[in-house]
Structures are given as structure tokens and as C-alpha cells.
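Heads up: the structure comes next, in C-alpha cells.
Chain naming here is simple, since letters A, B, ... match the order of the sequence lines and numbering starts at 1 in each.
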Amino acid sequence: MNASNTNKPVSAADGEAQAETALVVTAIPLSKTQSHQISEVLKEKFGREVKLENRVDKSVIAGMYIRVGDQIIDSTLRLKLDKLRERLLP
Amino acid sequence: MQINFVQILFQIINFTILLVLLRKYLYRPILKILEQRARKIHEGLEAAEKSIQEREKLEMEKKKILVGAEKTASEILEGARIRSKKIEKDLTEKSQKEEEARAKRAQERTRSQLKQMEKELNRRFASTVIDTTETLLSDSLGTAQHREILDNQIARLKKIKFSS
């Protein structure tokens with residue numbers, strides 16, 4: 001599970017607005033419990049309320065991709081397979 | 001038979017006169033001619049002797065030159081033989097080296113091609129494995145397994161440090 005910065009220039013106002021919404025991409029829709037758990041974790045980490053936007057995308061295969069502002073946590077199987085492909089097929 | 005002394009005397013005088021005349025007009029020119037001839041013969045003999053000596057000398061020089069020429073020819077032939085052997089040896093070595101280099105290049109080319117083929121095979125194999133894994137996982141993961149994976153990741157999410 002990786003947390004990384006996109007290095008995209010974001011203004012303070014944009015950061016504020018984006019920090020409140022977290023994009024979570026999964027292969028199946030998140031259950032209410034999972035959504036709640038994620039919201040709680042993110043609230044604790046960022047110190048403010050975070051609204052979740054769950055987007056379903058089968059191409060991630062499994063796991064989840066979270067983007068909060070300019071921070072990304074990609075723990076999808078897609079990323080793992082892509083990294084494996086990069087390592088095996090340089 | 002009676003001896004006529006006067007007649008004998010006249011005959012002696014005649015004979016003496018004849019001798020004197022013969023000596024003066026016949027013997028002397030003949031002797032002179034003979035001497036000249038003898039001198040010419042002598043000169044001819046000397047010239048012949050000299051010629052023979054010259055000829056012998058020339059023969060010796062000729063022999064000497066021939067021996068020298070034979071020696072020179074022999075040396076030239078020996079030199080040419082050595083040079084030709086060296087050239088032959090050099091050409092053989094050069095040809096051998098070229099052949100070795102060619103073989104080495106072909107070997108390296110084959111090795112490189114094999115390596116490339118091996119690399120390509122591995123690449124295709126890895127690609128097939130990844131594609132198959134992707135397809136299998138996409139098709140085989142059920143909702144329960146997806147949820148389990150998500151639950152695990154949510155649990156780990158709590159341990160991640162965010163830079164706020």
C-alpha cells in the first residue's frame with residue numbers, strides 16, 4: 001500500500017476543497033461499513049471531515065485506489081501487476 | 001787420260017765466281033726471307049702463346065664469373081624460397097586468424113541471437129503469465145473475496161502516515 005504525492009500544483013483553496021472529498025476507486029462498490037471505516041481513518045489522518053466518492057472500475061481488478069487532494073494511495077492489484085510487468089518486461 | 005790443270009783452274013775460278021754470285025744474289029735474299037719468315041713464325045707463335053694465355057685467363061674469369069653467378073643465383077633462389085615460405089606462412093596465419101575471427105563473430109552473433117531469443121521468450125512468457133493472472137483474478141475473484149481484500153487494506157490504511 002503506497003501513499004504518494006502527484007506533484008500536481010494545487011492552490012491552497014483547491015487543496016482545501018479536494019481534501020474534503022476522497023476519490024476511492026474499487027472493483028466492486030464499497031459496503032456502507034467499509035465506506036464508514038475509510039471515512040473515519042481519513043478524518044483521523046487529515047483532522048477534518050472527508051466525503052467519500054466511490055467510483056467502480058473493474059480495471060483495478062482488486063483492492064482500492066484513494067486520492068485525497070494531491071495524495072494518492074494505490075493498493076490495487078492493477079498497480080501491482082503493472083509494477084510486476086515493468087520489472088519483468090523492461 | 002791427261003789432266004788439264006788450266007781447265008781445272010778455270011773451273012775453280014768459275015765455281016768461286018758462281019759461289020760469290022750465288023751468295024750475293026741468292027743465298028742472302030733467301031736467308032733474309034727465311035729470317036723474316038722465322039721471325040714472323042716466332043711472332044706468330046708468341047702471339048698464339050699470348051692468345052692461349054689470354055684465352056686461359058678469360059676462361060678462368062669466365063669460370064669465376066660463372067661460379068659467382070651460380071652462387072648469386074643460388075642465393076637469390078634461396079632468398080626467394082625463404083621469402084615465399086614466409087609469405088606462405090604469413091598468408092596461412094592471416095587466413096587462419098581471419099577464419100578464427102569470422103568464427104568468433106559468428107559465435108558471438110549466434111550467442112547474441114540466442115540471448116535475444118531467450119529474452120524475447122522470457123518476455124512473452126512473463127507477459128502471458130501476467131495477462132493470464134490478470135484474467136484469472138478478474139474472473140475468479142468473487143464479491144466476498146473482494147470485500148475481504150478491501151477489509152485488509154482498510155485495516156492497513158490506519159497504519160499509513162499521510163503528509164497533511
Side-chain angles (χ1 to χ4, degrees), chain A residues 1-5 15-16 19 22 24-48 50 52 54 56-66 68-78 80-90, chain B residues 94 96-164:
Chain A
M1 200 177 281
N2 300 319
S4 63
N5 291 330
E16 195 77 23
V24 182
V25 184
T26 50
I28 58 162
L30 289 169
S31 66
K32 279 187 180 174
T33 318
Q34 286 169 336
S35 295
H36 180 70
Q37 283 173 336
I38 293 168
S39 293
E40 285 300 310
V41 172
L42 295 178
K43 184 183 169 185
E44 191 184 318
K45 298 285 180 190
F46 289 97
R48 54 181 177 266
V50 177
L52 284 193
N54 184 202
V56 176
D57 186 351
K58 293 270 183 196
S59 70
V60 299
I61 306 171
M64 62 183 177
Y65 167 95
I66 303 172
V68 186
D70 59 356
Q71 294 198 52
I72 290 172
I73 302 159
D74 194 342
S75 52
T76 59
L77 207 55
R78 158 67 51 210
K80 285 182 173 58
L81 285 174
D82 285 346
K83 281 187 175 175
L84 185 65
R85 196 186 295 273
E86 276 174 23
R87 265 179 61 190
L88 295 175
L89 313 171
Chain B
K94 194 181 169 191
Q96 204 173 350
K97 277 181 185 169
E98 280 176 358
E99 191 59 41
E100 280 172 8
R102 231 189 333 267
K104 201 175 171 186
R105 280 200 299 275
Q107 203 177 18
E108 279 170 5
R109 204 165 38 243
T110 309
R111 203 173 289 159
S112 169
Q113 282 172 348
L114 276 172
K115 212 170 176 181
Q116 195 65 34
M117 281 168 73
E118 191 185 343
K119 209 172 164 184
E120 179 61 21
L121 196 68
N122 283 341
R123 207 184 65 81
R124 285 188 188 183
F125 179 71
S127 181
T128 309
V129 167
I130 292 167
D131 290 343
T132 310
T133 308
E134 192 177 318
T135 310
L136 279 172
L137 285 171
S138 299
D139 295 345
S140 63
L141 285 175
T143 310
Q145 285 154 326
H146 274 293
R147 295 222 181 283
E148 194 181 334
I149 291 167
L150 287 170
D151 287 340
N152 285 335
Q153 290 187 354
I154 290 163
R156 274 186 283 172
L157 190 64
K158 292 171 185 171
K159 295 170 189 169
I160 294 176
K161 285 187 177 177
F162 288 84
S163 54
S164 51

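- Counting only distance, with no hydrogens or angles, the side chain of Q37(A) and the backbone of I154(B) share no donor-acceptor pair below 3.5 Å.
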What verdict does the side-chain contact (heavy atoms from CB on, under 4.5 Å) test give for E40(A) and K158(B), after you've listed the backbone C-alpha separation in whole Å, the side-chain angles of each residue and the deciding distance to 0.1 Å?
CA-CA 9 Å; E40(A) 285 300 310; K158(B) 292 171 185 171; over 6 Å; no
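- Once rounded to the nearest 0.5 Å, the distance linking NZ of K83(A) with CD1 of I130(B) reads 14.0 Å.
- Annotation: the span from L137(B) atom CG to K80(A) atom NZ amounts to 12.0 Å, rounded to 0.5 Å.
- For K58(A) (side chain) and S138(B) (main-chain N/O), no donor-acceptor pair under 3.5 Å exists by modelled atom type.
- Taking each heavy atom of R147(B) and S31(A) in turn, the nearest pair found is NH1-N, 3.5 Å.
- Atoms CG and CD1, from L141(B) and I28(A) in turn, are 9.5 Å apart once rounded to the nearest 0.5 Å.
- For S59(A), no part lies under 4.5 angstrom from a heavy atom of chain B.
- With a threshold of 4.5 angstrom between heavy atoms, I149(B) approaches chain A through side-chain atoms but not through N, CA, C or O.
- Side-chain atoms of D131(B) and R85(A), non-hydrogen and from C-beta on, do get closer than 4.5 Å to each other.
- Although no hydrogens or angles enter the test, the distance criterion places no donor-acceptor pair under 3.5 Å between the side chain of E134(B) and the main chain of L81(A).
- For the atom pair K45(A) NZ and L157(B) CG, the distance stands at 7.0 Å (nearest 0.5 Å).
- Between I61(A) and H146(B) the shortest heavy-atom distance is O-CE1, 2.8 Å.
- Taking each heavy atom of Q34(A) and D151(B) in turn, the nearest pair found is NE2-OD1, 2.9 Å.
- Rounding to the nearest 0.5 Å gives a distance of 6.0 Å between CG of L150(B) and CG of L30(A).
- Of all the heavy atoms in G63(A) and Q153(B), the pair that sits closest is CA-OE1, 3.3 Å.
- Other residues, nucleotides and ligands place more than 12 heavy atoms under 6.0 Å from the CD atom of Q145(B).
- Every salt bridge (charged side-chain N to carboxylate O under 4.0 Å, His left out) that D82(A) has, sequence neighbours left out, goes to R78(A).
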